[in-house]
Structure formats: structure tokens, C-alpha cells
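Please read the structure below before turning to the comments.
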Protein chains: 2
Amino acid sequence: MPQSKPPVEASLPERFSHARNVQANAVMEDYVELISDLMAEFGEARIADIAQRLGVAHPTATKAVARLKREGLAVSRPYRGVFLTDAGAALADKVRARHRTLVDLLVAVGVPPEVAELDAEGMEHHVSDTALAAFRAFLEK
Amino acid sequence: MPQSKPPVEASLPERFSHARNVQANAVMEDYVELISDLMAEFGEARIADIAQRLGVAHPTATKAVARLKREGLAVSRPYRGVFLTDAGAALADKVRARHRTLVDLLVAVGVPPEVAELDAEGMEHHVSDTALAAFRAFLEK
DNA sequence: CAATCAATGAAGCCTTGGCTACATTGCCCT
DNA sequence: AGGGCAATGTAGCCAAGGCTTCATTGATTG
Ligand SMILES: [Mn+2]
Ligand SMILES: [Mn+2]
Ligand SMILES: [Mn+2]
Ligand SMILES: [Mn+2]
């Protein structure tokens, strides 16, 4: 007796809840990528530099770094710079690659580079691995 | 004397701050689109239906609707359904069209339709008018 | 070597958007 | 007409991510 096949597409509530879930990690992703950049440039990431590049006040950066530490993505000691853990560094690499591929795709599809960069900063966090693979395939074509 | 042309691309802090700004409207956009759908289906949008489709508890929907009203996008009276203002309806149309175009683009580029739908729910809010126009041009090609 | 000042930390405020628990209301049905 | 129940409202909690203000620390430099 054939089971009635459940719908492949996610229900509406599931789609919204998925988007909310992804969004909850977006800020952490940007911090991790930025810290990785600063570590590459200066060998460490200072709170002041993080805050400045993100365009937030320094206590905002401090709280975010506290959360990164709590989640095992970064380490730091008082009055010292911030450093990524292996997990943090791995996440940074992933986020950076995804950002670049998305920008490339947007440009390939006709979006002006400056606009692509602007839009990508928000869109990137919602690009799934599946979509990313599709983007790469499209770009190679 | 030639002015040194300021950089066309937004500075990093500006990019992040732009993304935060856009994000602040994302939830409202989804509510407005959903209310528009429910009005088309039932003639009104009930809090219970909004909450169910969004996958949130009903007080969450109530609070969001309060914000929509405060921002002039919706109207409602106690124990009655929610309705969009002209501004709200216009926003809903815009959001719906953008959502569709983005999904179409993702599919056109090789993303499986179910995945496109899932990813688009979060990405859509960051697609600028410029990018949208580029998407449409690409899709017509 | 010490003073100054920039960087960091700490405290506490706000809004948004989640939630649960409980109170109220209105609608349907007997 | 009235009771019961589903829908709505209300209160109050939490975490995240903004902010300002003030305290502390450490590094530069005179
Ligand atoms: Mn980003
Ligand atoms: Mn990025
Ligand atoms: Mn959405
Ligand atoms: Mn949508």
C-alpha cells in the first residue's frame, strides 16, 4: 500500500522558523570573519578595531565577543586582543568563501559590484550549502 | 582642479550598518505579506492564523501587529481581524514580487526549487531595487 | 619612571522578538 | 438565553544586540 508521499517542500511555518534560526547566527558569522581578517592583518583582533569596522560602539563588540567565547569560537583575556579557536577559524573561512561566491554570482547575473557587495552582506547568511554548490557550478559554466 | 573622486563602494562599517538596517524591517515585511495573503483568502487576517503560519506563539503575533499599527501598515480593533492600510498593502505587493523574482533567479541559476524557497525567505529582505532589476533583466534573457 | 590618555571593562538602559501563564471576550450551539 | 470553548488580550519573563556613561588599566612618551 503506497504511503502518500509527504511534501518535499518545507511547510510555511518551517520556512519562517528556518529563516529565524539562520538569522540568529548571522551576527556571530560577521564577527568571526572580521576577527579572522584582523588577525591576518595585525596578528590579533582588538576590540576597538572590531567595533570600528563593524560600525558599532565598543561595548557592543565586547558583548558579542563574550558570546563568541561562550560558544567556543573565540578566546581572549582582559585587556588583550581576541583570537579565534579552531572552530572559529574554520567558520570564518567558510563564511568568507560563501560571501565571495555570492558576490561573484550577483555580479555574474548583472548586479553592479558595489551593490552586490552591499546586498551580499545581509543575504550571505541565508545561502545554504546546496545553493552555494549551485552557485559555484553556475559560475564555472 | 579635479576633486579626488570619493570611493563608490560603501565603506565596511557602512555595509554592515546597512545590513543591520535592512534586517530591522525584515520581520515586518514577512508579516505584511502574510496578512495580505490571509486577507485574499479569508477577507481578514486573524491573529491565530498569522501566528500559525509564521510558526510563532500568538502573543508574538499580537506584539508584531501592534508594531505594524504603530508604523501605519495595519489597522485592527480588539477581538477583530487585522487589515492592511494602503501603505501596508503596497509594501506587501512589493515584498511578494521581490520574493518571487528571487526564487525564480535562484532556480534559474541551478538551485533546487525547495531549497530556493527556503533560502529566499531570509535572503529576500536584503535584495535592493537595483539587484532586483538586474534579476529581472537576467531572467528575461 | 611616572603621568597621561587611549583602550578596555562594567553597569545599566532600550527595543525587538521570542516564550508561558493566565484573564477576558465573543461566538456557536444546545 | 445561556454555557462552553476557542480566540484574543495582558502580564511578565528571557536573550540578543544596540546604546551611553563612568571606572579601570596599561602602554607611550616626555
Ligand atoms: Mn554579513
Ligand atoms: Mn560578509
Ligand atoms: Mn522573509
Ligand atoms: Mn517571503
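Model, not experiment: these values are computed from the prediction. Chain letters run A, B, ... following the sequence lines, proteins first and then strands; every chain starts at 1. As a basis for the values below, the full set of heavy atoms in this structure was taken, side chains included, without hydrogen atoms, waters or symmetry mates.
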Legend entry - B:Q52 CD: over 12 foreign heavy atoms closer than 6.0 Å: no

Legend entry - First of A:E71 and B:D49 reached from the 5' end of DNA chain D, by closest nucleotide: B:D49

Legend entry - Heavy-atom side-chain proximity of A:R96 to A:D37 below 4.5 angstrom: yes

Legend entry - Near-strand residues of residues 57-64 of chain B, defined as heavy-atom separation under 4.0 angstrom from DNA chain C: B:A57, B:P59, B:T60, B:K63

Inset, instruction - Could you tell me whether the phosphate oxygens of C:dG17, OP1 or OP2, come under 4.0 Å of any side-chain nitrogen or oxygen in B:R67? - result: yes

Inset, instruction - Mind calculating the distance between CD (B:Q52) and P (D:dA6) to the nearest angstrom? - result: 15 Å

Legend entry - Degree of bending, the helix from C:dC1-D:dG30 to C:dT30-D:dA1 (end axes from five pairs; round to 10°): 10°

Legend entry - Nearest-angstrom distance from the residue atom CG of A:N25 to P of C:dG18: 15 Å

Inset, instruction - Could you check A:E41 against A:R53 for salt bridge (Lys or Arg N to Asp or Glu O under 4.0 Å), going step by step and ending with a plain yes or no? - result: CA-CA 13 Å; A:E41 276 185 59; A:R53 293 213 186 176; 3.0 Å; yes

Inset, instruction - Quick one: pull up CG in A:L34 and CZ in B:F16 and give me the separation to the nearest 0.5 Å. - result: 5.5 Å

Inset, instruction - Working to the nearest 0.5 Å, report the span between CZ of B:R98 and OG of B:S128. - result: 9.5 Å

Inset, instruction - Please determine, for the side chain of B:M28, which listed nucleotide (C:dG18, D:dT8, C:dG17) has the closest atom? - result: C:dG17

Inset, instruction - Could you pull out the closest heavy-atom pair between A:A45 and A:I35, with the gap in Å? - result: CB-CG2, 3.8 Å

Legend entry - salt bridge (Lys or Arg N to Asp or Glu O under 4.0 Å) assessment of B:E71 paired with B:R67: CA-CA 6 Å; B:E71 296 184 5; B:R67 194 180 151 201; 3.0 Å; yes

Legend entry - Min side-chain heavy-atom separation B:R15-A:E117 under 4.5 Å: yes

Inset, instruction - Let me know the distance between CD1 of B:I47 and C1' of C:dT24, rounded to the nearest Å. - result: 15 Å

Inset, instruction - Take B:R70 and B:G55, find for each the nucleotide of DNA chain C with the closest heavy atom, and name the residue whose nucleotide sits nearer the 5' end. - result: B:R70

Inset, instruction - Please answer whether the main-chain N or O of B:V56 pairs with a side-chain N or O of B:T60 as donor and acceptor at a distance below 3.5 Å. - result: no

Legend entry - Length of the line joining B:Q23:CD and D:dA16:P, which is rounded to integer Å: 16 Å

Inset, instruction - Measure the shortest side-chain to side-chain distance between B:Y31 and B:L73 over non-hydrogen atoms and say whether it is less than 4.5 angstrom. - result: no

Inset, instruction - Would you indicate, yes or no, if C:dG17 has its OP1 or OP2 atom less than 4.0 angstrom from a side-chain nitrogen or oxygen of A:R20? - result: no

What N/O pairs connect the protein and nucleotides 26-29 of chain D at under 3.5 Å? Give each pair on its own line.
residue : atom : partner : partner atom : Å
D:dA27  : OP1  : A:R80   : NH2          : 2.4

Inset, instruction - Please step through salt bridge (Lys or Arg N to Asp or Glu O under 4.0 Å) for the pair B:E44 and B:R46, ending with a clear verdict. - result: CA-CA 6 Å; B:E44 66 176 350; B:R46 310 294 306 260; 3.7 Å; yes

